[in-house]
Amino acid sequence: MHFNPALLFDYWPLLLQGAWLTVQVSAFALVIGYAAGVAVAMFALMPGWLPRLAAGLYIETLRNIPFIILIFVVYYGLPFSGIRLPATVAGTLALALFVSAYYAEIVRAAILALPRGQFESARAIGMSPVQAMRHVVAPQILRALVPPSTNMTLTMMKESAVLSSITVPELTYQSLVVQGNTFAPFEVFAAVASIYWLIAIVIAEFSRRLERRVGAAQIESINRNPIAERYLSLVARRA
Amino acid sequence: MGFKLAYLLSILPNLVSAAAVNIRLALAIMLLALALGTALTVVRSLKIVAVNAVIAVVISFVRGTPLLIQIFIAYYVLPAVGLDLSPEVAGVSAIAFNSMVFVSESMRGGLATIDPGQIEASTALGLPPRAIWLKVVLPQLFRRIVPVLINEATIVVKGTALLSVITVVEVLRRAQQIASTSYRPFETMIGAALVFLVINLVISLSGKVAEARFARARI
């Protein structure tokens, strides 16, 4: 058994193409999934049992079935209801659907961790529920959201490897193609694993910066808040 | 071509019988992951710099690459270095290795919550390190990570579905075989999803019961 990376020389473009598609698919799933996740979290927090039950069913179902099966359900289910989509689009939607359940849980937990009085006071001074969410709740939960969300995004990016099973030409699919052409599993999977690893490290680093920025921005926004400033200056004057 | 509930019901027994494979494999994986994860935690706690550096790289690798790729590595690469494993064994080792890392990481988190005074007291009493681990630290650690282990068990069960890609005949593979003869993939896949849903809900619910009992035992 010799390790000969030169074998892969002709195949690097193919692998990089696959990696680029993996990044694209994950990015789209992140955006769509987060939007859906926030919507589901709002449902879960609504008063009344019906929206809460619906959101609970959505979250529990998606969290308890393997993603590889979800992908097949979406892939075969869409044509069933008359919608024909290319595998890449269907795969991205399935990935977004999968990750939305986890994002919903993250958002819900972050909002529940905030003292209830925050929302209630905002309502009491005449804000609508949407205004209260946007101006009072959202800025405060932002910092709590970043670490679990980036963690989940990392998991989602890794799960996108499963898209290879419905012939989406992303990194894992290309690795199987290259493996079929070269019969050099060691080299191929070493290369592919390294690419995934690299993407993961980049996401982790990005999240660390985002965390620092959001944390800093939040402290700044508290300082810059006119009401807080007035209060702080009053305190200062009294002392 | 409408959704045929009768067809879905007719294939369920077949899928449920295949679920025995998933449950058996998941059980083996969890036992391995727990044993290896514990061993890894103990080794890491010895704080040997070189060993821990290697372990840190391995952990970063396992957490940074997809489980599917790790399964392919076990299935395609290990034979090339002379370890010819059956699909089942290759798959179980890959998932167990992956799970071991996550178990060990959560044990490390649990370790931080154990009062160092207990270990100082045990040392003062003259307990050998082995006894400190087995009688003082680990029993508490296991109780603390029960929720994590339950969660990990559902992840492992979901992971066994990936073994279909390396030809292990489990629920998903059986579903694909059924779908290829009946041309009804949608109902078949919904059936497979239901099987996993039931298994994982049972695990989560029994986990809640176990947690409640452990919580009571702690008081």
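Within every chain, numbering begins at 1; the chains are lettered A, B, ... in the order of the sequence lines, protein sequences first and strands thereafter.
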Side-chain donor-acceptor pairs under 3.5 Å in residues 11-23 of chain A, sequence neighbours left out?
| residue | atom | partner | partner atom | Å |
| --- | --- | --- | --- | --- |
| A:T22 | OG1 | A:G18 | O | 3.2 |
| A:T22 | OG1 | A:L171 | N | 3.2 |

query: Using non-hydrogen atoms only, which part of A:V73 is less than 4.5 Å away from chain B: side chain, backbone, both, or neither?
result: both
Using distance only, find each side-chain donor-acceptor pair of residues 27-52 of chain A under 3.5 Å and give its atom names and separation, not counting sequence neighbours.
| residue | atom | partner | partner atom | Å |
| --- | --- | --- | --- | --- |
| A:Y34 | OH | A:S149 | OG | 2.8 |

message: Testing the basics here: between B:I73 and A:A193, what is the closest heavy-atom pair and its distance to 0.1 Å?
response: CD1-CB, 4.5 Å
query: Which answer fits B:Q176, side chain, backbone, both or neither, if we ask what part of it has an atom under 4.5 Å from a heavy atom of chain A?
result: side chain
Residue part contacting chain B, namely of A:Q179, when any heavy atom lies under 4.5 Å: side chain
- line: Comparing B:T154, B:L172, B:I199 against chain A, the one with the most heavy-atom pairs below 4.5 Å turns out to be B:L172
message: At a 4.5 Å cut-off on heavy atoms, which part of B:I190 comes close to chain A: side chain, backbone, both, or neither?
response: both
query: According to the interplanar angle, ranging from 0 to 90°, do the rings of A:F189 and B:Y76 count as parallel (below 30°), tilted (30 to 60°) or perpendicular (above 60°)?
result: parallel
query: Hey, what do you get for OG1 (A:T155) to CD1 (B:I155), rounding to the nearest 0.5 Å?
result: 8.0 Å
message: When you measure from the side chain of A:K158 to the backbone of B:R63, do you find a donor-acceptor pair of N or O atoms at a distance under 3.5 Å?
response: yes
field: Per-residue contact mode, A:L176 against chain B (heavy atom under 4.5 angstrom)
entry: side chain
task: State, to 0.1 Å, how close B:A80 and A:P185 come at their nearest heavy-atom pair, and which atoms those are.
output: CB-CG, 4.3 Å
task: To the nearest 0.5 Å, tell me how far B:N151 CG sits from A:R63 CZ.
output: 7.0 Å
CD1-NZ distance between A:I69 and B:K158, expressed to the nearest 0.5 angstrom: 11.0 Å
CZ-OG1 distance between A:F72 and B:T188, expressed to the nearest 0.5 angstrom: 12.0 Å
query: Just how far is it from atom CD of A:E159 to atom CG of B:L162, taken to the nearest 0.5 Å?
result: 7.0 Å
task: State whether the side chain of A:N64 and the backbone N or O of B:L197 hold a donor-acceptor pair below 3.5 Å, judged by distance alone.
output: no
- prompt: Can you say whether A:S194 sits under 4.5 Å from chain B via the side chain, the backbone, both, or neither, judging by heavy atoms?
  reply: neither
query: Going from CD1 on A:I68 to CG on B:L67, what distance comes out if it is rounded to the nearest 0.5 angstrom?
result: 10.5 Å
- prompt: Above 12 or not: heavy atoms from other molecules or residues under 6.0 Å from OH of A:Y173?
  reply: no
task: Check whether any side-chain N or O of A:W197 sits under 3.5 Å from a backbone N or O of B:S60 as a donor-acceptor pair, and report yes or no.
output: yes
- line: Minimal heavy-atom distance between A:Y196 and B:I69, with the atoms involved, is CE1-CG1, 3.8 Å
